Amino acid sequence: MTENEAKAIFWNIYNSEESDEEKIAAIKAVIGMETHNGISKQEFINALDWLMDKSGAAMEKLMPKTPNIWGDGYDDEGNMICDMYECPNCGKNYEIDYEKYDHCPACGQAIDWRGYDSEN
């Protein structure tokens with residue numbers, strides 16, 4: 001199993017419409033299965049171990065965080081144009097119009113865009 005495959009499994013569970021209890025049950029069910037979508041139980045457990053590394057940093061990056069959105073210029077009427085954002089994990093800055101990533105390219109942090117209105 002690759003790092004991306006492990007992330008995809010947990011990302012799909014995390015983003016589901018299920019309650020937290022149902023998400024935990026889904027993870028437990030996958031761990032309890034001998035295979036899941038071609039992934040063996042041991043491969044899944046190895047991926048879980050990898051994601052839960054000593055600091056827990058890898059798993060933490062899978063949990064989407066809201067970016068700090070800010071502006072670096074003004075429109076003709078003097079209004080701030082909020083078209084920049086900062087990764088909530090590593091602080092790297094990106095331009096929303098051209099670099100709106102679901103995961104920070106620098107550190108891999110998942111970005112939560114829910115509630116962001118592109119007209120702001």
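Here the structure is a predicted model, which is why all the values come from computation and not from measurement. Along the sequence shown, residues are numbered consecutively beginning with 1.
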Worksheet item: Rounded to the nearest 0.5 Å, how far apart are NE2 of His103 and CD of Gln109?
Response: 8.0 Å
Discussion item. Measuring centre to centre across the rings, with the benzene-like ring taken for any Trp, is Trp113 within less than 6.0 Å of Tyr101?
Written reply: no
Item to complete: Share the residues that join Tyr74 in a hydrophobic cluster, the rule being Ile, Leu, Val, Met, Phe, Trp or Tyr side chains under 4.5 Å apart at the heavy-atom level.
Response: Met80
Worksheet, complete the sentence: Here the pair of heavy atoms bringing Ala106 nearest to Tyr94 is N-OH, 3.5 Å
Worksheet item: How long is the gap from CG on Asn93 to CD on Glu99, to the nearest 0.5 Å?
Response: 9.5 Å
Worksheet entry | Atom pair NZ/CG of Lys65 and Asp112 - distance to nearest 0.5 Å | 11.5 Å
Item to complete: Might you point out which heavy atoms bring Met84 and Ile96 nearest each other, and give the distance in Å?
Response: O-CD1, 3.9 Å
Practice prompt. Determine the minimum heavy-atom distance between Pro67 and Pro88, stating which atoms define it.
Written response: CA-CD, 4.1 Å
Practice prompt. Using the test side chain to side chain contact (heavy atoms under 4.5 Å, CB included), find all partners of Asp76 that sit at least two apart in sequence or belong to another chain.
Written response: none
Practice prompt. Write down the atom of Ile111, the atom of Cys104, and the distance for their closest heavy-atom approach.
Written response: CG1-N, 4.2 Å
Discussion item. Rounded to the nearest 0.5 Å, what separates atom SG in Cys82 from atom CD1 in Ile69?
Written reply: 8.0 Å
